[in-house]
Trainee: 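Once you've had a glance at the structure underneath, I'll fire off some questions.
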Amino acid sequence: MLTGTLIALIAAVVYIVVSLLVGDRFPFSRYCMYADLTTRSEGAVLYLKAAGRFVAPDELGAVHGLDVEALDPRSRPCSQQWLVYEAQRWLRDHSVEGELEGGVDVEAGYRMLTVGSDGLVEERLEPVTRGTGRLR
Amino acid sequence: MSRVGHAIFAVGLALSWTNSALHVLLADRPVYAGSPRMFRGPLPRGRLWSVLGASGGFAGLIVLFLSGLAPEWVALGVLMALMAIRRVEIAQWHDDVVVRLGKYVPAGACLSGWLVADVALIASGVPVADARRLAWNAGCGVMAGAYVLAAITKVRTSGLSWVRAERQALLIAERAFWGPPLVRGLRLAIARSRSWSTLAGLFGLGVELAALAFVVPEARVPVAAAVIALHLGFMALLGYFEIEWLVVLVALLFLGRS
């Protein structure tokens, strides 16, 4: 048992030290997910609205006129950057040049959230870009 | 050597591969959103056959891993394969976004620990069978190290303010817009409660630090129970079901018993 503990302890120490030195290089990592989010007083959550209701990005089959790059999650206190990057890619891939016939109004932006010291969760919508789209 | 542990670890490796393979296969669809819609529609044939072919090769490696034949070479092959598909996944995105946003491979990290320890033990004269058995403790050490690293990074970056209620509450509230209604309600309720939000932060950081005890064989079961509880918390409050971590952790309970 002592040998097992010693081997495990050496492995743990080596893994921690090397990871801190080299960073995120397989199989090492600093596992820094969410570590640097404490300076935020607001949280930004991407939203998409089509025809007046909230929709997921892949509910839209085509969009026109949206400034997809303006949704960049790094310019906002966003902790769900993956969802935004995937949404950006989807919208970019499904952007069409011409006006969409029979398209509905589409708006993309961020819900800005705050949690007060009394626990009150407040939300305001911050539209970033508008265009038209067709639901799938 | 625990055959059950080996089999469970093989599942962990397969999950690791599958995770990356799915991201490569469905590269143009929102995978992280977790909607079944990601499977709708045809896939590019070239990409489909490449991923299926590579997955067939990886399945072959898993069979070899389970057979126990030349385990060092098989482990090396598995690690190279995991590294390769991770590279493909990284290449699909701009900058270093896959790495920056946390592409973790616990099964690969623990297998690397096993391989290095196994080779070192054999080189130092330990009989091969004993080396292969004992080296799984290094896998346990790497697993412990991963959680401790997560805690170290939080404390280094943000200090102990990381556990403060408003920080945790914000993280949880941001995830109250998706998931089943019951889960959304739970997230909002916890985000509104200072004491529950602080408790969530303290529990998270505490378990990550306490995971160092996973190096001690006698402490592994209680540590694993706490870590499983932590992951269930991630799933309920943050929406992340990180099954690879759990499967590898349970496998190591069996493999590191020697």
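Throughout, protein chains are lettered first and strands after them, A, B, ... in sequence-line order, and every chain is numbered starting at 1.
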Trainee: Could you tell me which of B/Q168, B/K154, B/R100 has the largest number of non-hydrogen atom pairs under 4.5 Å with chain A?
Mentor: B/R100

Trainee: Name the region of B/L111, side chain, backbone, both or neither, that has any atom closer than 4.5 Å to a heavy atom of chain A.
Mentor: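 Neither the backbone nor the side chain of B/L111 comes within 4.5 Å of chain A.
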
Trainee: I'd like to know if the side chain of B/S20 reaches the main chain of B/W17, judged simply by a donor and an acceptor atom lying under 3.5 Å from each other, with no hydrogens or angles considered.
Mentor: no

Trainee: Report, in residue-number order, which members of residues 24-31 of chain B are under 4.5 Å from chain A by heavy-atom distance.
Mentor: B/A27, B/D28, B/R29, B/P30, B/V31

Trainee: Does the ring centre of A/F54 sit less than 6.0 Å away from the ring centre of A/Y47?
Mentor: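 Centroid separation for A/Y47 and A/F54: below 6.0 Å.
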
Trainee: Checking A/L9 against chain B: side chain, backbone, both or neither under 4.5 Å from a heavy atom?
Mentor: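 Its backbone and side chain both get close to chain B.
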
Trainee: What's the verdict on ring pair (Phe, Tyr, Trp, His ring centres under 6.0 Å) for B/W245 and A/Y31, showing C-alpha distance, side-chain angles and the deciding distance?
Mentor: CA-CA 13 Å; B/W245 285 93; A/Y31 301 95; 5.8 Å; yes

Trainee: Looking at B/R192, B/E208, B/R37, which has the largest count of heavy-atom pairs under 4.5 Å with chain A?
Mentor: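 The option with the most such pairs is B/R37.
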
Trainee: What part of A/E123 is in contact with chain B, defined as an atom under 4.5 angstrom from a non-hydrogen atom: side chain, backbone, both or neither?
Mentor: side chain

Trainee: Measure across A/T132 and A/D105 and return the closest heavy-atom pair with its distance rounded to 0.1 Å.
Mentor: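 It is CG2-OD1, 4.3 Å.
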
Trainee: Provide the closest heavy-atom pair for B/V215 versus B/A144 in the form atom of the first, atom of the second, distance.
Mentor: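 Reported closest heavy-atom pair: CG1-CB, 4.0 Å.
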
Trainee: Please classify the contact of B/V148 with chain A as side chain, backbone, both or neither, using a heavy-atom distance under 4.5 Å.
Mentor: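 Interface part for B/V148: side chain.
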
Trainee: Name the option with the most non-hydrogen atom pairs under 4.5 Å to chain A; the candidates are B/I152, B/V105, B/L171.
Mentor: B/L171

Trainee: B/W178 ring centre to B/R187 NZ or CZ under 6.0 Å, with the angle to the axis within 45°?
Mentor: yes

Trainee: Taking all heavy atoms of B/V223 and all of B/A211, pick out the closest pair and write down the distance.
Mentor: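 Closest approach of B/V223 to B/A211, heavy atoms only: CG1-CA, 3.8 Å.
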
Trainee: Has B/S197 got a side-chain atom pairing as donor or acceptor with B/I190's backbone, closer than 3.5 angstrom?
Mentor: yes

Trainee: Please check if atom CH2 in A/W90 has more than 12 non-hydrogen atoms from other residues, nucleotides or ligands closer than 6.0 Å.
Mentor: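 Buried by this count: over 12 neighbours within 6.0 Å.
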
Trainee: Chain B contacts: which residues in residues 19-29 of chain A have a non-hydrogen atom closer than 4.5 Å to it?
Mentor: A/S19, A/L20, A/D24, A/F26, A/P27, A/S29

Trainee: Under 4.5 Å heavy-atom distance to chain A, tell me which part of B/V97 shows up: side chain, backbone, both or neither.
Mentor: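 Its backbone and side chain both get close to chain A.
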
Trainee: If I compare all heavy atoms of A/V106 with all of A/G133, which pair ends up nearest, and what's the gap?
Mentor: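 That would be CG2-N, 3.4 Å.
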
Trainee: Between chain A and each of B/M38, B/M83, B/E166, B/M143, count heavy-atom pairs under 4.5 Å; write down the option with the most.
Mentor: B/M83

Trainee: In terms of heavy-atom pairs under 4.5 Å, which option from A/V45, A/V115, A/I10, A/D58 contacts chain B the most?
Mentor: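 That would be A/D58.
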
Trainee: Strictly less than 4.5 Å between heavy atoms, which residues of residues 87-95 of chain B line up against chain A? Please order them by number.
Mentor: B/Q92, B/W93, B/H94

Trainee: Minimum heavy-atom separation for A/T114 and A/S41, please, with both atom names.
Mentor: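 So the minimum-distance heavy-atom pair works out to CG2-O, 3.6 Å.
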
Trainee: Taking side chain as everything from C-beta outward and backbone as N, CA, C, O, which of these in B/S193 sits under 4.5 Å from a heavy atom of chain A? Side chain, backbone, both or neither.
Mentor: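 Neither; nothing under 4.5 Å.
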
Trainee: Given B/N19, which partner from the list B/E244, B/E242, B/R86, B/K103 fulfils the side-chain hydrogen bond (donor to acceptor under 3.5 Å, both in side chains) test?
Mentor: B/K103

Trainee: Tell me which pairs pass side-chain hydrogen bond (donor to acceptor under 3.5 Å, both in side chains) where either residue lies in residues 69-78 of chain A, with sequence neighbours left out.
Mentor: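 Pairs touching residues 69-78 of chain A that pass the test: A/E69-A/R92.
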
Trainee: Answer with side chain, backbone, both or neither: which region of A/R30 has an atom nearer than 4.5 Å to a non-hydrogen atom of chain B?
Mentor: both

Trainee: Of A/Q80, A/R40, A/R111, which is the lone residue that meets side-chain hydrogen bond (donor to acceptor under 3.5 Å, both in side chains) with B/E174?
Mentor: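 For B/E174, the side-chain hydrogen bond (donor to acceptor under 3.5 Å, both in side chains) test succeeds with only one of A/Q80, A/R40, A/R111, which is A/R40.
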
Trainee: Would you say A/H64's side chain and A/V96's backbone share a donor-acceptor pair under 3.5 angstrom?
Mentor: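 A pair under 3.5 Å: yes.
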
Trainee: Any donor-acceptor pair under 3.5 Å linking the side chain of A/Y110 with the backbone of A/L71?
Mentor: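 Checking the backbone N and O of A/L71 against the side chain of A/Y110, a donor-acceptor pair under 3.5 Å is found.
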
Trainee: Which heavy atom of B/V248 sits nearest to which heavy atom of B/P106, and what is that distance?
Mentor: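 The answer is CG1-O, 4.5 Å.
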
Trainee: Measuring heavy-atom distances to chain A, does B/Y32 have an atom under 4.5 Å in its side chain, in its backbone, in both, or in neither?
Mentor: both

Trainee: For each of A/A44, A/A87, A/A12, A/C78, tally heavy-atom pairs with chain B at distances under 4.5 Å, and name the one with the top tally.
Mentor: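 The residue among A/A44, A/A87, A/A12, A/C78 with the greatest pair count is A/A12.
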
Trainee: Please tell me if the side chains of A/C32 and B/T157 come closer than 4.5 Å, counting only heavy atoms from C-beta onward.
Mentor: no

Trainee: Just so I understand: if I count every heavy-atom pair under 4.5 Å between each of B/V216, B/T153, B/L188, B/L238 and chain A, which residue has the most?
Mentor: B/T153

Trainee: Which value, rounded to the nearest 0.5 Å, describes the distance between B/D130 atom CG and B/D118 atom CG?
Mentor: 11.0 Å

Trainee: Applying salt bridge (Lys or Arg N to Asp or Glu O under 4.0 Å) between A/E59 and each of A/R53, A/R134, A/R136, report the one that passes.
Mentor: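 By the salt bridge (Lys or Arg N to Asp or Glu O under 4.0 Å) criterion, A/E59 pairs with just one of A/R53, A/R134, A/R136: A/R53.
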
